[in-house]
Amino acid sequence: MATLFEHENVAGYARVAVERGVDRYPDGLTYAIPPALADLAVGERVTVPLGAADRLTAGYVVELTRSTDLDPKRIKPIKDRDHATRRLPVELLDLARWISGYYCAPLGMTLAAMMPAAVKRQAGLVNKTMVHLLAPPPAGEKPPAKQRRVLEVLAELGPAQHPVEIRQLARLAGLSTTGPIKRLVARNLLGVTTRSSVEAGWVKQAVDTTCPETLTPQQQEIVRSIGDTLVGRFSAHLLFGVTGSGKTEVYIRLIQQVIDAGKVVLMLVPEIALTPQTGGRLIGRFPGRRVAILHSGLTAAQRNQQWTMVVDGTADVVLGARSAVFAPIPDGRLGLIIVDEEHDGSYKQDQVPRYNGRDVAVRRAQLARCPVLLGTATPSLESWHNATIRASYTLHRLRKRAPGLRLPKVTIVDFIEQRKHRRDRRIHLLGPILEGAIGSTLDGGGNVLLLLNRRGYANYIACPDHQCGWLMGCDDCDTMMVYHVARLSHGEPVGGYVQCHHCLTEQRLPATCPLCDRKVTTFGLGTQRVEAELQRKFPELAEGRTMLRVDSDSMHGARDFHDALGRFAAGKIRLLIGTQMISKGLDFPRVRLVGVINADTAINLPDFRAAERTFQLVSQVAGRCGRGTEPGRVIVQTLAPDTPAIRLAAAHDYVTFATGELADRTRCGLPPVTRMARIVCRDKDYERCRRVACTLAGELKQRAAASIRIHGPAPCPIARIAGKHRQQIELLSPTPGLLQDLLTVARNEGLIKAGAAMVVDVDPISML
Ligand SMILES: [Zn+2]
Ligand SMILES: [Zn+2]
């Protein structure tokens, strides 16, 4: 055993988790600490030499030791510390260790994901030159007038105002340049230092000045009951409240209690760039407090500034999307975590580490010994199971909408039945009932939201001859190409291209069938096609530019979306047609009609959560309606009007839906009753892909407990993406512990390794 006393040039040893796919147990690689870095602390970012070529690589100190069992001659020294970034709090390191273990992700990559890229490269960092007095001028010497003025100003300023930024000093001395100051520096009468700070020019978002509402008795009871748990102990709460029932007001009252007690609140919302109202409302309600906002819509400099504000402990509330669950709140300061719209799929990260922000939030609350509050109108079955059958969460219910707001009346329309009433042969995406309701709502001064969860114009490009049967698929994926039009002219498509929504390849729309030379046709649904039909049926909308399509093709970033929502709120836009972007959390009093063009887009996907997603989508978009004084109306078009998910969403009956769905999942042994991990092997060579997957499945079966079921390998529902074949293995375990044991063994033996050839997804939410 080597200790630091035997090697004078070593001040100890550190385990460093490098920002690479190195997956090693115990965590991190051992490095020697040079004496110059003797004060190195756990959580610091450092640079270390890696591999035979000693490539300099960034990493994080995860443990410090005075001795090592390794041969000290073979241990490389740490090159340097990262002077610019702050140390990660210990609570975050503990969280990273849990994520690394639970989600089978290398620790270094997990830690790298915790620190935003903008922070690592210190975006927006400004170096300021600070000036202070060194010595009085030699006796008898009389400096030139401008220099004398500088010295006088410095002498007048109290010690609290030293040192002074050089340009500010010039201004105070009435100088137009900093030349005289620099000459004093050159004469060693003034000293200079550099101070670095992040200046982002951060402008807070629009402030909502809504007066605090009085709470309903239900809200009061929930605030009191959760408030009682703010006592430095972990507890988990599910707030199940129908849309428009005032969940946000409950959050705000609890936030007030926590920050009054000197603690910090972390609040997560899905895709905050899409829900600008939440940020504005928080800032408006806590005017004297610091609300840090972390999301991808910020500039790099803003993100760095907000992160730095959190790590320095000056933020009282931290609001952000998924990755804000890693907000570097100082150890011991976290008082409450709120996860709004906890059911939302965007909390799941689709790259390593493949964590779910909601589940990480629950774990973080456990580590920080504080309560976590999950809120939604449509609980995920996982949370519902935890709050009912397992009773590990406390369930709180807001059964009614806020006073004055009524739940909208939902009408289910059978799409096939509707078609019979059309005389022309043209395909209509708006049936007569929906079309009539749009007209009367617009005439009556209301706004309209239309949802279709599919981008583009048409999702099939085909030969019109059924005998030929040609369909345009992607060359590199087992999927169909989607037709996007370049623009619409009086409701007719002009130009355009075809795109694969999986590998994003684009091609020109072929004019004729490559097999038989007939002119191709396009069919199927897409938001552009609805837009075209609206232009034909409501030409005044198109001419007055009071209609807008909102999807990832038409919106280039959060700013476009904020702008569109602003115009919609002001009544300048009367009708929005969009994908699920518009189903989330928007709160606009003018919306009096919500139309779901086709509720079936998700229901037939080969995914056991298809019904749950359909229920959520229909309920959430319906909830955007009737938030003003006028009651709202919702029209849901479907080819399958008897589908329970659609019928129960229309009846606002979550409990019946969840009870039935949970019974089905129990019968089939699917999550949340069991825990699932999905392993996808990917290879350009089909045979090799299949062989690797078969071998892996065999090895896993040998090591698995008897109660773990292993399905596969089998081709994924999309069997090839971007030229790579995909074979999946599903592991289903009665408990999370057994699944973790198996995954840990497989990982330590090197059987599973996240990378280009293999995806390991624990608690997957997408099964395609
Ligand atoms: Zn493709
Ligand atoms: Zn053909």
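Just so you know, ligand 1 is whichever comes first in the structure, and atom 1 is the first atom listed for that ligand.
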Residue among Y102, F326, W98 satisfying ring pair (Phe, Tyr, Trp, His ring centres under 6.0 Å) with Y355: F326
Heavy atoms, side chains only, cut-off 4.5 Å: are P606 and M767 in contact? no
Assess whether atom OH of Y460 is packed by more than 12 heavy atoms of other residues, nucleotides or ligands within 6.0 Å. no
Checking side chain to side chain contact (heavy atoms under 4.5 Å, CB included) between D763 and each of M676, E382, R675, R354, which is the one that passes? R675
Measuring to the Zn ion (ligand 1), does C500 have an N/O/S atom at a distance below 2.8 Å? yes
How many degrees, to 10°, between C468 SG and C513 SG as seen from the Zn ion (ligand 2)? 110°
Near the Zn ion (ligand 1), is there an N/O/S atom from H502 that is less than 2.8 Å away? no
If the Zn ion (ligand 1) is the vertex, what is the angle to SG of C503 and SG of C474, rounded to 10 degrees? 110°
